[in-house]
Trainee: 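Below are the structure tokens for one structure; questions will follow.
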Amino acid sequence: MRINGFSGMDIDSMVTSLMTTKRVPLNKLNQQKQTLEWTRDSYRELNTKIVQFRQKLFDMSGSGEMNTQKSTITGNTTAIKADANADASSTPMSVVVNKLATKSNMQTSTGLRTAGSSTADATKSTTLEQIAGGSASDTYELNINDKTITFLKTDTISTVMARINSEGANVTATFDEISGKFSITAKDYGDSNNIKLTGADKQVKSSTLMDLFQISSTDVKAAEKGEVIVTNTADSSSKTYNPDKNSLIVNGVTLTLLETTGTTGPAKITTQSDPTKAMETIKSFVDTYNDLLSTFNKKLSEQKYRDFPPLTADQRKDMKEDEIKQWEEKAKSGLLKNDSILSSAVSSMRMVISSKLGDLSSVGITTGQYFENGKLQINEEKLKAALTTDPDKVLNIFKGSAADVNSKPIYSELRSKLDTTLDMIVKKAGTSKFDTNGSMTFKTESIMGDQLKSYNSRITDLSSRLKDAETRYYKQFSAMESAMNKYQSQSSSLTSFLQ
């Protein structure tokens, strides 16, 4: 805190006036830094939209997203679930499920109970000591699938399950509080996943935990295969399948087995062309493509207001909140006008579409008027007809064909072009190629990151020099005021002698 002297001079006002001019270069540096930060934020916003679109392109390349087939079940509708894959044939089928596949498992023959109880009264909070009673050991072991898991007598059944499930033994332990039965089941189907009562040394060992729960080695059941009979109802030919797990693919249709058909009778499956899912996917692609292209074009052509630089702290003090908002809207406008990265992105995106324009047009997808800057439009009726009569043609345009490695489908080509755009943005702004979070942290090692470091360094140096200058001015004015006070005192003394 500085205190003005008694000479009548307003030193603070004079220093402030002198420093106002000297602060102009610092204000300009801070404004340039703010503009750079806003520009980087704009890149981050676009980066997020590109990453999201690129991921969407990847997802849409999946078989399910562009599927033009649909299976319908009649007859026994509860025994199986049928999902047509993109390559599903129209062969009508009848499915009989005689047996479901099972996983290897073992279970207590009766419900667990506490010592001295005549009923299955154990709960998840019951401890091993409570089950064992007075003969409880301090620890118990379970040797399973080359793992030895040790438990304390104070561990509850809930703790025992959690330990078994987290030790990497490839099994899942469960407890039914209604029946009181404790079960251990292999995580996966098949003979290769049968439960082995072996410890860490891979040798067969007895398990004191199994003894306590009264589970013997004979209670371990091996995995069993299912039995499914599928009949081609068009020619009455049949085939028996014995899947390891409760799903299989027949004629391009994924069959999920839920229960045996029993006396209810077989499930009958018919598969027809259904363009609904593929239509939704293509429409979603066009909407997202148009939105991204529109965003790029808007940024490239956005008006730049050169008379609206970022506000300084002093300017903000004299403005209302609405005025600041309106000013900054203009200050942020046009930051990416004619940006080379965005221009390249727009050019590459439109080039991918242009290379397929003939094929796209034949299935009802065209570009709009010239002033719409490459926006795609869909004739839904024409596209639906193409997906119904020749789905492979449409899928090849977007996903490509396994028979033609040089087909250059739209989805993969756009992903490749956008990947290049992301590389350029990451290098310049320090964004992430994989993060879809709009508030991602910038990497310091980037072109703009280095520029910001330079601005921070220059601002720090200049601020220090301005502080020194301000201190010097105060010292000079203080010295001048002291001299004036001394002169005034001498003048008053001389005047008193003359009177």
Side-chain angles (χ1 to χ4, degrees), residues 1-45 47 304-337 339 341 425-432 438-487:
M1 182 178 69
R2 295 184 174 90
I3 301 176
N4 285 327
F6 303 100
S7 64
M9 290 192 302
D10 187 350
I11 295 177
D12 281 337
S13 295
M14 289 189 291
V15 171
T16 299
S17 179
L18 288 169
M19 291 303 298
T20 297
T21 302
K22 283 187 169 292
R23 289 188 187 279
V24 170
L26 179 61
N27 289 336
K28 286 185 177 180
L29 277 178
N30 279 313
Q31 287 173 319
Q32 290 168 356
K33 177 188 173 184
Q34 181 63 79
T35 298
L36 184 64
E37 288 177 336
W38 282 342
T39 305
R40 190 172 63 160
D41 288 339
S42 294
Y43 276 126
R44 176 167 58 186
E45 176 189 348
N47 188 100
K304 189 173 183 66
Y305 299 91
R306 299 188 182 280
D307 295 332
F308 288 82
L311 294 168
T312 64
D314 289 336
Q315 289 172 328
R316 284 174 172 271
K317 292 177 183 177
D318 301 325
M319 296 174 69
K320 297 179 180 178
E321 188 174 335
D322 286 345
E323 292 174 331
I324 294 174
K325 182 179 179 181
Q326 292 172 5
W327 182 286
E328 289 194 342
E329 284 178 356
K330 284 187 166 65
K332 292 179 180 180
S333 178
L335 293 176
L336 295 177
K337 184 178 179 65
D339 182 81
I341 296 178
I425 294 178
V426 169
K427 182 178 180 181
K428 185 169 184 178
T431 51
S432 168
S439 59
M440 70 181 80
T441 302
F442 292 108
K443 299 174 184 175
T444 56
E445 298 305 318
S446 63
I447 294 173
M448 298 182 85
D450 290 340
Q451 290 174 328
L452 284 171
K453 290 177 187 176
S454 176
Y455 275 125
N456 288 331
S457 178
R458 291 162 64 190
I459 288 171
T460 299
D461 290 343
L462 185 53
S463 296
S464 179
R465 292 201 299 272
L466 289 175
K467 186 176 181 181
D468 290 343
E470 186 179 47
T471 300
R472 186 169 64 253
Y473 281 138
Y474 271 107
K475 286 182 178 179
Q476 289 173 343
F477 278 116
S478 295
M480 183 175 67
E481 184 182 45
S482 177
M484 290 178 66
N485 286 335
K486 184 177 180 180
Y487 173 78

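Side chains included, hydrogens not; waters and symmetry mates left out as well; all remaining heavy atoms used. Nothing here was measured: the structure is a model prediction, and the numbers come from that model. For the single chain, residues carry numbers from 1 onward in sequence order.
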Trainee: Please list, chain by chain and in numerical order, all residues satisfying side-chain contact (heavy atoms from CB on, under 4.5 Å) with Pro310, sequence neighbours excluded.
Mentor: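 So Pro310 forms a side-chain contact (heavy atoms from CB on, under 4.5 Å) with Gln31, Gln34, Thr35, Trp38.
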Trainee: State the CD1-CD1 distance between Ile447 and Ile425, to the nearest 0.5 angstrom.
Mentor: 12.0 Å
Trainee: How would you list, by chain and number, every residue that makes a salt bridge (charged side-chain N to carboxylate O under 4.0 Å, His left out) with Lys317, sequence neighbours excluded?
Mentor: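 Partners of Lys317 by the salt bridge (charged side-chain N to carboxylate O under 4.0 Å, His left out) criterion, ordered by chain and then number, come out as Asp314.
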Trainee: So do the side chains of Arg40 and Thr431 get within less than 4.5 Å of each other, counting heavy atoms only?
Mentor: no
Trainee: Nearest 0.5 Å please: distance from the CD atom of Glu37 over to the CE atom of Met448.
Mentor: 9.5 Å
Trainee: State, yes or no, whether a side-chain contact exists between Ser432 and Val426 at a heavy-atom distance under 4.5 Å.
Mentor: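 Counting from C-beta outward, Ser432 and Val426 never come under 4.5 Å.
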Trainee: Kindly give the heavy-atom pair with the smallest separation between Ser446 and Gly430, and that separation in Å.
Mentor: CB-N, 3.5 Å
Trainee: Kindly compute the distance separating CG (Leu335) from CG (Leu36), expressed to the nearest 0.5 Å.
Mentor: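 Leu335 CG to Leu36 CG: 10.0 Å, rounded to 0.5 Å.
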Trainee: In Å and rounded to the nearest 0.5 Å, what is the NZ to OG distance from Lys33 to Ser454?
Mentor: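 Interatomic distance, Lys33 NZ to Ser454 OG, rounded to 0.5 Å: 11.5 Å.
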Trainee: Partners of Arg316 by side-chain hydrogen bond (donor to acceptor under 3.5 Å, both in side chains), sequence neighbours excluded?
Mentor: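 Only Glu328 meet the side-chain hydrogen bond (donor to acceptor under 3.5 Å, both in side chains) criterion with Arg316.
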Trainee: In chain order, what residues pass the side-chain contact (heavy atoms from CB on, under 4.5 Å) check against Thr444, with sequence neighbours excluded?
Mentor: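 Counting only residues at least two positions away or on another chain, Thr444 forms a side-chain contact (heavy atoms from CB on, under 4.5 Å) with Lys453.
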Trainee: Is it true that a side-chain atom of Arg44 and a backbone atom of Met440 form a donor plus acceptor pair closer than 3.5 Å?
Mentor: yes
Trainee: Does some side-chain heavy atom of Arg306 sit less than 4.5 Å from a side-chain heavy atom of Lys304?
Mentor: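 Side chain of Lys304 against side chain of Arg306, heavy atoms only: contact under 4.5 Å found.
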Trainee: Hey, is the main chain of Asn456 close enough, under 3.5 Å, to the side chain of Thr460 for a donor-acceptor pair?
Mentor: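 Present.
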Trainee: Are Tyr455 and Asp450 close enough that some pair of their side-chain heavy atoms sits under 4.5 Å apart?
Mentor: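 Sidechains of Asp450 and Tyr455: no contact.
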Trainee: With sequence neighbours left out, write down each residue that passes side-chain hydrogen bond (donor to acceptor under 3.5 Å, both in side chains) with Gln315, or none if nothing qualifies.
Mentor: Thr312
Trainee: Can you list everything that forms a side-chain hydrogen bond (donor to acceptor under 3.5 Å, both in side chains) with Asp339? Sequence neighbours excluded, please.
Mentor: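 Only Tyr43 meet the side-chain hydrogen bond (donor to acceptor under 3.5 Å, both in side chains) criterion with Asp339.
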Trainee: What is the distance from atom NZ of Lys428 to atom OG1 of Thr39, rounded to the nearest 0.5 Å?
Mentor: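 Lys428 NZ to Thr39 OG1: 8.0 Å, rounded to 0.5 Å.
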Trainee: For Tyr305, which residues count as a side-chain contact (heavy atoms from CB on, under 4.5 Å) partner, sequence neighbours excluded?
Mentor: Gln303, Phe308, Lys330, Ser333
Trainee: Only counting residues at least two apart or in another chain, list the ones meeting salt bridge (charged side-chain N to carboxylate O under 4.0 Å, His left out) with Asp307.
Mentor: none
Trainee: Under the rule for side-chain hydrogen bond (donor to acceptor under 3.5 Å, both in side chains), what residues qualify as partners of Asp461, not counting sequence neighbours?
Mentor: none
Trainee: For Asp322, what residues pass the side-chain contact (heavy atoms from CB on, under 4.5 Å) criterion, not counting sequence neighbours?
Mentor: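 Not a single residue meets the side-chain contact (heavy atoms from CB on, under 4.5 Å) criterion with Asp322.
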